[in-house]
Structures are given as C-alpha cells and as structure tokens.
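Below: the structure, in structure tokens.
Chain A is the first sequence line, chain B the second, and so forth, proteins listed ahead of strands; every chain is numbered from 1.
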Amino acid sequence: MPELPEVEVTRLSFVNQISGAKVLSARLGKPLRWSLGCPENDLVGRTVLDVRRRGKYLLLDLDEGLLLIHLGMSGSLIFAQQLSPDGAHDHFAMVTSRGTLRLHDPRRFGAVVHATHEDDPMARKLLGRLGVEPLSDSFVLPQFQARLKTRNTAIKQVLLAGDVVVGVGNIYASEALFLAGIRPTAKAAKLSGPRIAKLHAAIRDVLARAVATGGSTLRDFSSANGESGYFQLEAMVYAREGQACRVCGSAVKAIKQGQRSTFYCPSCQKR
DNA sequence: CACGGATCCTGATGGC
DNA sequence: TGCCATCAGGATCCGT
C-alpha cells in the first residue's frame, strides 16, 4: 500500500510533534509480520528523538534504541492527542507525553520492531539489503546502470525488489516506466545507457512529485494527521486497463508479473 | 548471487 | 441475499 511517498508524507506529518516526547505506555494487539521483540514495558520512559525513513521503513530514534515501523500493504499511522478507542485492526499503540501513535493495519503485513541500534541483527535483517534512496544524492546514474547490468529479469521486477533502489512500489513502478517509455517486461540488463538515464530521472520525478503533492494517488491513504489522501497526481497507466493513454490515446494494457499487476501503454512503451 | 513462486492476512468487489 | 473466486499499495523465505 504505502510506497515511499506515502511513508515520507506520514513521517513529515508527525515528526515535529513526536520529537522530544516521552513514552508513557505501549501496547501490541494481534501479531504483525514482526512484533517488537521486547516487552512493551521496555519502551516506557524512552524519549523519541527523531523520525527518519529508510525505504518504506520509518525509524523512530529513541534515547536508547530505536523502533522500526513498516506499514506493509494496508497499514497507516495516526498520531494525535485525542484518539477514539483502539479498533479491531489497531495493532500497536504508543501513548506519549505529546500524543498517541497508533498503527492501523487490517492485513497485518506491517511490522513494529525494537532494535538496540541500527546494527543489531534484526535491524540488519530488515534494512541490510536495501538499495539506494532514490531521492538522495547517492542515487547516481553510473551505479544504477551497473546494478541493472547484473539483472537478467524484467525491469519492473527489479524495481519492486528494492535491492537496487528502494521505495518504488507497484504503482510507482508502472508510472516511472511509463514516464521513461520503457516496457515493464524489458530485461534490465539489456537497457541502453540513455534509457536507463531516462528511468533514473523518471523515478526521481514521479516520487518527488508524489511527496510534494502530499502523497499520491492512493484511494484510502491518509497521513498521520488524519488528513485523507487527495488525488492530486493522476496515474498515467496504473489501474487504467482498457482506458485511453493520456499521451497517445492507445488502450492501456494490464499484465501480471510475479503475481502483481503491471500497467503500460503498448504504444508509448514499445520495448 | 540471482531467479521464480509460495506465503503471511483481511476486506472489497464482482459473478452467479 | 449468500457463496465463491479474485484481487489489493509488500517483501521475505525457500528451492533451484
């Protein structure tokens, strides 16, 4: 569900409020993909120093240790002074001196994990293989090109895998490939330099615009303020099967790659 | 190391 | 209305 822009918008929506807050209590509901790894009580008394993002993970820096939060497919975070009682799908809640942070996640593919530091085994397992941050200065063309050269699989799948570049999920993968004019099934290793350059720019462009417009195209996305998602960025191809391409008018096609839906324009993305 | 597929879970939607 | 199948924004694990 949340891709990089949604996670980043969530982070921005509560980082300033929660920074400096002291944890008063914490509770876990049903098990998530990974659940804490320490008693809830160990969080009590900690101070939240900052909230960072790595890929689709949020990192809550505490005065001792940190919390890694992933929203999975269906997760969202709310941070507020006054919250209604926890509902059926609220599986983590942390009351602080500045408000309560709550994870709502029906499918429970999300995770809330405590790590003593960023190098501890669990943190390394979750963060260790992540690729480069697409909106950072370290996302540079030569390395991107070199990494793609080693992959004999479809470029869409490589983007989703997240070990080359992080944060591109199923929606933005289709969108970025459309912007770059690249067929999602093209073998990553066979893409020419100029086409990789276009893709590099397209990834940055689509993600940055989504962050700037407050987080996307997502139907039910809402930031941790509870502000609901707006449709400020129109999808060019995602979920538009059979509809006219916004550029050339051809019918948008849908295919499956690794059991995920992919959308593309057969005319604008010939190879 | 790289690849493809199965897998975790719940809710919404569409066909019959 | 009920029942069943399919699909959904993720990413890890396992066998090859």
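- The distance between atom OH of A/Y238 and atom C1' of C/dC7, rounded to the nearest whole Å, is 10 Å.
- The listed nucleotides are B/dC3, C/dG10, B/dG11; the one nearest the side chain of A/H89 is B/dG11.
- If you take atom P in B/dC9 and the same atom in C/dC14, they sit 16 Å apart, rounded to whole Å.
- When the C1' atom of C/dG10 is taken as reference, atom CG of A/L103 falls 14 Å away, rounded to whole Å.
- Residues A/T47 and A/K22 have side chains that never bring a donor and an acceptor to within less than 3.5 angstrom of each other.
- Close to C/dA8, at under 4.0 Å from its OP1 or OP2, lies a side-chain N or O of A/K256.
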What's the verdict on side-chain hydrogen bond (donor to acceptor under 3.5 Å, both in side chains) for A/H104 and A/D90, showing C-alpha distance, side-chain angles and the deciding distance?
-> CA-CA 4 Å; A/H104 177 82; A/D90 298 328; 2.8 Å; yes
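- Ion pairing of A/R209 with A/D205 is present here, as a side-chain N (NZ or NE/NH1/NH2) and a carboxylate O approach within less than 4.0 Å.
- A/F178 has its ring centre no less than 6.0 Å from the ring centre of A/Y264.
- Of the nucleotides present, none pairs with B/dC9 by Watson-Crick or G-U wobble criteria with both distances under 3.5 Å.
- Atoms NZ (A/K30) and P (B/dC9) sit 10 Å apart, rounded to a whole Å.
- Stacking between A/F109 and the base of B/dC9 is absent under the criterion of ring centres within 5.5 Å and planes under 30 degrees.
- Taking 4.0 Å as the cut-off between side-chain N and carboxylate O, A/D50 and A/R11 do not count as a salt-bridged pair.
- In this structure, A/N152 reaches the sugar-phosphate backbone alone: every heavy-atom distance under 4.0 Å involves primed, P, OP1 or OP2 atoms, never a base.
- In this structure, the CZ atom of A/R108 is 13 Å from the C1' atom of B/dG11, given to the nearest Å.
- As rounded to whole Å, 12 Å separates atom P of B/dG11 from atom CG of A/D90.
- Atom name C1', nucleotides C/dT12 and B/dG11: the rounded distance is 23 Å, in whole Å.
- Computed from coordinates, the A/R147 CZ to B/dC1 C1' distance equals 10 Å when rounded to whole Å.
- Inspection of the A/N170 and A/K156 side chains reveals an N or O donor paired with an N or O acceptor under 3.5 Å.
- Between the P atom of C/dG10 and the CD1 atom of A/I69 lies a distance of 18 Å, rounded to the nearest Å.
- Ring-plane geometry between A/F144 and A/H200 is classed as tilted, the angle between the planes lying from 30 to 60 degrees on a 0 to 90 degree scale.
- Between A/R107 and C/dG10 there is no side-chain N or O to OP1 or OP2 distance below 4.0 Å.
- A/E3 has its CD atom 12 Å from the C1' atom of C/dA8, to the nearest Å.
- A close approach under 4.0 Å does not occur between any side-chain nitrogen or oxygen of A/S74 and OP1 or OP2 of C/dG10.
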How would nucleotides 11-16 of chain C be written as a contact map, 5' to 3', with B for base contact, S for sugar-phosphate-only contact and - for no contact, using protein heavy atoms under 4.0 Å?
-> BBS---
